[in-house]
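Heads up, the thing below is written out as structure tokens.
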Amino acid sequence: MAPIAGVLTIVAPPMLAAEDGLWPDYNDGTWPACCSRSNFDPKELPASEKHGTCSSPVVHDEYNYFLTTLNVYFKYNVTKVLNEAGYVPSNTEKYPLGGIISAIENAFHVSPSVSCSNGAVGELYLCFYKDFKPRDCAVRSDIKIDMVTSKSSCPKYVSLPVHVSSDSCSCNLNLKVPIPFDTTNLHCLSVWDAQGFILRYAQTSSNIWSFVLSTPDTNSYIAMGFSATGGMAGSSAVVGWVAARGASGGIKQYYLGGPTPSQVVPDKGNLQVIGNSSFITLESSRLYMVFQLEVTSAPESSLLYATGPTGLFPSPPSFQLVKHLDKVSIRIDYTTANIVSSQSSQAPDGNGSSSSSSSSSSSSSQGGDDSCSSGILNLNLNVAFPFDTTNLNCFPVWNAQGFILRYSQSSPNTWNFILSSPDRNSYIAIGFSPNGGMVGSSALVGWVSSTSGSAGMKQYYLGGTSPSQVLPNQGTLQIVTNSTFITSRSSRLYMTFQLQTAGSQPSSRLIYAVGPPGIFPSPPSFALTQHQDKLSTTFNYATATGSSASSSSGKSDYVNLKRSHGMLNILGWGILMIMGAIVARHFKQWDPFWFYFHVSVQSLGFVVGVIGIISGLVLNDQLQLTVDDGLPSKTK
């Protein structure tokens, strides 16, 4: 068989700019290999591209081989399609495999083939005829490959890993471009594992500090900010980018004056960047951003790192910076080269709240050490709270789950909250209900995954009982901008937020919930799974007291009583009493048996019916039927 390609296949790691190769295929499950054609010069071909020699006569020489590969890639850009569909590179998030395949099918009208490794997409194949028209990736044209089981087993939910080339703190920095300072004694820290950020730094003189930030190239800008408070507003950042995979790039200082794009000002800031010391370079699929700062003392220890959306870069004349796609805040000890604390977050949602999290290496017994007898300042959270925490009211709102609520009113229309709970690797939630029920309430939900490091905090509107009616980024709560974050410390979660209430106090009907372990909201849908346990309470903000209405952990007792109430009434009033009446009416010929049976059954029916009524009264008390503004409402 002549090594003439019947089909050409692009093998594409999903988050890389360039394909792994353009591979010829016989379209019957086999392919040519190790070919030798006179019009191909092997010396001009990289060793990894030996398949180019088998592309003849469809592709005539090595130059056209690489040119064809690039042309096909840019025309059928899988990375761009997935990004536009919301499937962005991440080493922690899981996406539905069916959604990834559907996005490609909708864009190119053909089915790809996918191979996976360790729950992550390893390679993604697009197939073409010899005229480079796309086709389904099938062994024969009349057979469509099962996308879930092709190549290797793929789970229903997969990650799209950020391609990280070999760089770590165990590697020496060896760039092809000259660096304006000595790199032999740089401190090194992995400052953002989820995004593969590595920071190298050193104090090269009494007032000069040198930095090298290494990150994977995800075709987006990267940023490193220095903050006096730990927040973005008021900080100054060095932002760098290499657009179009090396075609152009830049590095600038920005001043973050506020949350809107117009308040992020280029070529402004408090950093004294040494002239001609800053540059950014792309090597081996990683970005290296280099700069030096002149300071009177050590630089700010609160550092911010961010990545921008794919393909959107600052451009002249305004050099406006678009909102980040993801960010993390850390506090660093420059002397010991240790991270004191870290707080990761995603971009603010539509309700003025931002998803944020924090984790720490500290540990203690399950549930941690927290109670209303310990002040919040004694917890050593190492977190800058957006409000005064010295006069917080405190109440243990859910003893069974260890929930503690701290709150205060800092102004006539602003209320501050800190919800503390044991960290059981599940989401926690606090809801504000108009009537004590879950339906119609708005809730703040927070999570910190102890396994993947992913975290966040969002408002949800509970429009109904089905998961599709629980809507993220919606609700009636007026959340103060930049006031929300969740942190994990000493095996406990601390969820913080502020509410604006238009002069009144928040709803006194509060709902608390915990989710199933290990299952968290994730992009793009951020769907919330059903809670594992919940509690409804009525809370008095003036006296810091509350009463528990019901807990879903005690649901079995409530259900058993409800069933008993129904069965007893049916048996007593619906069966036994009727049987006694029927005997008295139609069986008097069996005297005196009918009379004794009639009395016995009627008496038994009356007793059973009375017991049913008593159980109904007890059930009514447990449901805590209340009347509010003339309308009955029932706490469930």
Side-chain angles (χ1 to χ4, degrees), residues 395-401 403 429 431-441 443 462-466 469-470 507-514 530-540 543 545-636:
F395 185 71
V397 291
W398 194 1
N399 290 326
Q401 291 288 352
F403 275 42
F432 296 81
S433 172
N435 55 20
M438 293 192 71
V439 176
S441 64
L462 284 66
T465 56
S466 65
Q469 294 174 296
V470 180
S507 173
S508 61
R509 304 292 185 84
L510 302 182
I511 301 172
Y512 304 93
V514 293
Q530 186 172 348
H531 58 267
Q532 188 177 59
D533 198 3
K534 74 174 181 70
L535 177 77
S536 301
T537 69
T538 301
F539 194 75
N540 188 322
T543 61
T545 58
S547 60
S548 299
S550 65
S551 170
S552 61
S553 61
K555 186 176 180 180
S556 59
D557 295 336
Y558 157 74
V559 172
N560 290 336
L561 184 58
K562 183 178 180 180
R563 290 175 178 171
S564 299
H565 166 68
M567 293 177 63
L568 289 171
N569 278 286
I570 291 173
L571 180 61
W573 306 114
I575 298 178
L576 294 178
M577 293 295 287
I578 293 176
M579 286 178 59
I582 291 174
V583 169
R585 177 67 178 83
H586 296 285
F587 296 94
K588 288 186 177 180
Q589 66 271 22
W590 292 356
D591 190 55
F593 170 76
W594 73 269
F595 177 75
Y596 295 118
F597 185 85
H598 164 73
V599 172
S600 301
V601 172
Q602 289 284 93
S603 300
L604 178 61
F606 178 77
V607 172
V608 171
V610 170
I611 295 175
I613 293 175
I614 295 173
S615 65
L617 295 173
V618 174
L619 181 63
N620 180 71
D621 291 338
Q622 288 194 1
L623 289 177
Q624 293 190 354
L625 200 63
T626 62
V627 177
D628 185 12
D629 297 331
L631 298 175
S633 62
K634 195 164 50 174
T635 303
K636 295 183 178 180

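Quick note: numbers below take in every heavy atom, side chains included, and nothing from hydrogens, waters or symmetry partners.
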task = Name all residues meeting the ring-ring contact (aromatic ring centres under 6.0 Å, His included) criterion together with F593; count only those two or more places apart in sequence or in a different chain, and write none if there are none.
result = F597
Locate the shortest heavy-atom distance separating [X] from [Y]; write the atom from each residue and the value.
X    : Y    : answer
T545 : T543 : OG1-OG1, 2.7 Å
S615 : G612 : OG-O, 2.6 Å
G436 : S536 : O-OG, 3.8 Å
V470 : G464 : CG2-O, 4.4 Å
V439 : T465 : CG2-CG2, 4.0 Å
S441 : P434 : CA-CD, 4.1 Å

Pairs meeting criterion side-chain hydrogen bond (donor to acceptor under 3.5 Å, both in side chains) with involvement of residues 588-598, two or more places apart = D591-W594
message = According to side-chain hydrogen bond (donor to acceptor under 3.5 Å, both in side chains), does anything in residues 566-581 pair up with another residue at least two apart or in another chain? List the pairs.
response =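 Output for this query lists H565-N569, N569-W573.
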Would you compute the distance between atom [atom1] of [X] and atom [atom2] of [Y] and round it to the nearest 0.5 angstrom?
X    : Y    : atom1 : atom2 : answer
L510 : F403 : CG    : CZ    : 12.5 Å
Y512 : H531 : OH    : NE2   : 15.5 Å
L462 : F432 : CG    : CZ    : 13.0 Å

request  = Examine distances only and state if a side-chain atom of S507 and a backbone atom of S433 form a donor-acceptor pair shorter than 3.5 Å.
outcome  =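 Confirmed, S507 side chain pairs with S433 backbone.
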request  = Output yes when a side-chain donor or acceptor of T537 lies under 3.5 Å from a complementary backbone atom of F539, and no otherwise.
outcome  =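 The answer is no, because no donor-acceptor pair under 3.5 Å joins these two groups.
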ask   = What do you reckon, is CZ of F395 surrounded by more than 12 foreign heavy atoms closer than 6.0 Å?
value = yes
For residues 574-585, which side-chain N or O atoms pair as donor and acceptor with protein atoms under 3.5 Å away, sequence neighbours left out?
none

key: side chain to side chain donor-acceptor pair (under 3.5 Å) against S466, all qualifying residues, sequence neighbours excluded   =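 Here the qualifying residues are S468, Q469.
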task = Please name all residues satisfying side chain to side chain donor-acceptor pair (under 3.5 Å) with Q401, sequence neighbours left out, ordered by chain then number.
result =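 For Q401, the residues satisfying side chain to side chain donor-acceptor pair (under 3.5 Å) (neighbours in sequence not counted) are R424, D533.
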